[in-house]
Number of protein chains: 2
Amino acid sequence: MSDREQNSSKRTTIYDLAKLANTSPTAVSSILNGTWKKRRISKRLAEEVTRLAEEQGYSTNIQASLLRRARSNIVGMIVPKYDNRYFGDMAERFEAMARERGLFPVVTCTQRNPDLEMEAAKELLSFQAETLIATGATDPDRITALCKAAGVTSINLDLPGSAAPSIISDNYAAARALTEMILDRCAADLGWTGPLHFVGGRMSDHNTLERLRGFRDAQTARGITPVEQNVLARGYSADQSEAALEQLRVTGPMGLFVNSTISLEGVMRWITTHRDEAEHPIRFGTFDWDPFGAFLPGNVGMARQDVGGMLAHLFALIENGGEVTAPILVPCSLESIAAAR
Amino acid sequence: MSDREQNSSKRTTIYDLAKLANTSPTAVSSILNGTWKKRRISKRLAEEVTRLAEEQGYSTNIQASLLRRARSNIVGMIVPKYDNRYFGDMAERFEAMARERGLFPVVTCTQRNPDLEMEAAKELLSFQAETLIATGATDPDRITALCKAAGVTSINLDLPGSAAPSIISDNYAAARALTEMILDRCAADLGWTGPLHFVGGRMSDHNTLERLRGFRDAQTARGITPVEQNVLARGYSADQSEAALEQLRVTGPMGLFVNSTISLEGVMRWITTHRDEAEHPIRFGTFDWDPFGAFLPGNVGMARQDVGGMLAHLFALIENGGEVTAPILVPCSLESIAAAR
DNA sequence: CAATGTTGCTCAACCGATGGAGCATGATTG
DNA sequence: CAATCATGCTCCATCGGTTGAGCAACATTG
């Protein structure tokens with residue numbers, strides 16, 4: 001008795017179905033993958049096989065199928081984290097949009113860990129991904145090199161690289177607008193004119209640098225001289241932002257540019273434990289959006305990155321290809337938060 | 001000239017490497033997959049081939065590899081959403097823990113859409129997943145049936161099913177404790193004793209029912225008679241919670257059990273637009289945790305589900321197998337939020 | 001120095017699905 | 001009624017790795 005005949009733990013294959021339907025594996029295959037009309041298989045047989053497949057709980061062995069097929073339609077994406085709305089939306093909507101287009105999304109999370117980033121990229125290449133999206137990658141160019149060697153297209157998202165097309169937020173413009181908003185509200189609510197503080201992010205990170213540029217230019221444009229010591233960019237984690245703020249001794253009013261919702265967690269912890277609003281009032285704005293941001297006392301606005309817009313550009317690139325040029329800049333929207341009553 | 005010789009877009013295979021190293025594909029394969037010592041391949045050749053593979057940017061074709069191998073080591077997981085910390089952490093830590101164990105995580109997001117749920121499950125079966133984790137699934141038993149037919153183990157997470165082992169939070173106990181906390185704070189802060197309101201979730205959902213049971217019992221135990229009209233469980237979305245609250249005409253103090261951070265978004269919108277804290281003060285507690293929850297005025301506590309604990313149980317089940325018994329209940333932690341100053 | 005063991009490989013079958021080529025059978029046409 | 005066509009299939013090679021079996025060449029042992 002062959003292995004195939006015992007209906008044990010082994011998964012059903014087209015050979016099993018062929019035997020059951022008294023036909024050939026080829027017929028079964030073409031029926032189940034939709035090419036049966038082209039192959040002039042009768043409707044009768046097609047229905048019979050479909051019924052049997054259902055009944056037996058058959059599912060195609062993608063491994064076998066992809067091995068044989070020319071195209072995999074797999075688009076891989078690496079994402080640093082799922083702990084904020086920005087990357088969460090990115091992953092979720094990427095999956096949805098890929099499916100809509102008949103592509104096969106495979107997303108994996110790399111924990112902001114450069115080694116894991118590379119490993120995950122290799123993994124996705126092993127899966128025969130045809131395109132690899134590196135989202136917020138620490139070293140996008142290394143990933144691009146990997147992909148190039150395998151003949152795979154890669155695209156950078158959120159953080160730019162020099163070796164593949166990049167789609168990023170217009171960090172400068174949004175940071176400048178957000179800074180203006182913070183200044184306005186400091187003036188209106190507190191009668192205070194800066195200079196502001198900046199917290200969160202990394203100086204090695206393109207986005208942080210661009211946001212800082214906007215942060216500085218907005219102040220300079222109003223005749224305020226930005227203070228270098230006011231920039232606390234020692235990482236994205238909440239703990240580091242909190243620690244950096246704790247070392248400050250700011251008395252009097254304060255205006256703060258918070259560079260990410262992750263840093264905002266640290267900011268909020270610091271505010272609630274170390275500041276007395278009546279004595280040392282604070283106003284801040286956040287680069288990035290969170291649904292609870294609007295309800296945090298002191299938050300005057302959020303720069304919301306346009307995930308949908310970025311993904312639209314992304315899929316245009318996937319479908320039509322694209323040159324390695326300057327990064328595509330996607331504008332952010334600025335959400336203003338009314339003063340608390 | 002064969003296709004294999006032209007170094008064009010085609011990916012490098014073990015056959016290419018074998019030709020370059022003047023050896024056999026078998027040797028190359030065993031060197032690259034680590035079985036070369038067992039196969040008594042010389043260190044010299046192993047190093048040479050490894051070097052070549054690196055140089056050529058070789059990556060294993062997982063499809064081919066898995067097709068032949070007996071085991072895939074793939075563990076699939078479906079997750080409804082990435083728009084809250086609970087599921088985000090779940091996905092992220094699942095990936096990390098799976099990797100630690102030499103397994104291959106593939107996570108996909110189903111948008112709380114029952115059809116997509118089934119499709120995604122089929123997809124993961126096609127990928128030869130050996131285990132499928134259905135997280136927060138609408139119809140876990142249908143997924144289990146699918147898996148059974150394919151001879152694949154399935155495990156329910158977050159929401160229980162009757163056909164596969166389930167790991168869920170101890171919703172009853174946590175809801176009861178949270179309700180007590182809300183009652184305590186209503187009494188302490190407002191000098192008011194209930195009965196409380198409940199918002200968010202679905203009456204068809206096991207977790208909501210268990211939480212409601214805890215909600216009711218906690219009140220009854222204090223001699224408060226729960227009011228059925230106070231239960232507003234018409235879905236998990238923020239909009240629906242907001243709309244349900246808008247239809248209320250509650251004057252005077254109010255105590256609210258918020259069933260999920262998603263519903264909390266709606267609650268916060270309603271509070272900020274429709275309530276005047278001085279006139280109609282409100283205290284609420286949230287089932288589920290969000291980093292910004294602690295800073296929302298009126299929030300007295302959060303029941304935080306123990307993602308790490310649930311996943312520990314999950315991997316124990318994956319590794320040792322498990323019977324279909326009553327769901328494993330994982331206790332939640334209760335985070336108390338001090339009164340605003 | 002024949003028997004046995006060790007080292008370092010190669011060969012060929014196989015995993016499951018796919019697609020081009022091909023082959024009966026019956027219907028249609030000149 | 002032979003030639004042609006349409007219908008409804010089947011056969012077989014193939015994708016790229018993996019694995020058990022096997023085979024030279026050399027070393028060791030009784």
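Just so it is clear: chains get the letters A, B, ... in the order the sequence lines come, proteins before strands, and each one is counted from 1. The structure displayed is predicted, hence computed values, not measured ones.
In this structure B:Ala164 satisfies the side chain to side chain contact (heavy atoms under 4.5 Å, CB included) test together with B:Thr144, B:Ser154, B:Asn156, sequence neighbours excluded. Take A:Ser65 and apply the side chain to side chain donor-acceptor pair (under 3.5 Å) test, not counting sequence neighbours, and it matches A:Arg69. The side chain to side chain donor-acceptor pair (under 3.5 Å) test applied to A:Asn207 returns A:Asn171, not counting sequence neighbours. Shown here are the side chain to side chain donor-acceptor pair (under 3.5 Å) partners of A:Asn61, two or more places apart in sequence or in another chain: there are none.
Remark: C1' of C:dA17 and CZ of B:Phe127 are 15 Å apart, rounded to the nearest angstrom. We find that CG of A:Leu66 is positioned 16 Å from P of D:dC15, with the value rounded to whole Å. One interatomic measurement links the two molecules: CD1 of A:Ile62 to C1' of C:dA17, which rounds to 11 Å at whole-angstrom precision. Put simply, CD on A:Gln63 is 17 Å from C1' on D:dT14, counting in whole angstrom units. With rounding to whole Å, A:Ile14 atom CD1 is found 6 Å from C:dG16 atom C1'. Separating the OH atom of B:Tyr58 from the P atom of D:dG16 is a distance of 10 Å, rounded to the nearest angstrom. Between the CD1 atom of A:Ile31 and the C1' atom of C:dA17 there is a distance of 14 Å, given to the nearest Å. What separates CG of A:Leu32 from C1' of C:dA17 is a distance of 10 Å, to the nearest Å.
Mapping A:Lys38 and B:Arg69 onto DNA chain C by nearest heavy atom places B:Arg69 at the nucleotide closer to the 5' end. Mapped onto DNA chain D by nearest heavy atom, B:Asn61 and B:Thr35 fall at different nucleotides, with B:Asn61 at the one closer to the 5' end.
For B:Asn33 and D:dT18, the shortest distance from a side-chain N or O to OP1 or OP2 is below 4.0 Å. An OP1 or OP2 oxygen of D:dG17 is reached within less than 4.0 angstrom by no side-chain nitrogen or oxygen of B:Thr60.
A salt bridge between B:Glu119 and B:Lys122 is absent, with no side-chain N of the basic residue lying under 4.0 Å from a carboxylate O of the acidic one.
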Exercise. Could you run down nucleotides 7-13 of chain C 5' to 3' and tag each one B, S or - for protein heavy-atom contact under 4.0 Å?
Worked result: BBBBBBB
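Pairs passing the side chain to side chain donor-acceptor pair (under 3.5 Å) check and including a residue from residues 96-110 of chain B, sequence neighbours excluded, read A:Glu95-B:Thr108, A:Arg99-B:Thr108, A:Thr108-B:Arg99, A:Glu123-B:Arg99, B:Arg101-B:Glu319.
Taking the six-membered ring for Trp and the full ring otherwise, A:Phe104 and A:Phe127 have centroids separated by 6.0 Å or more.
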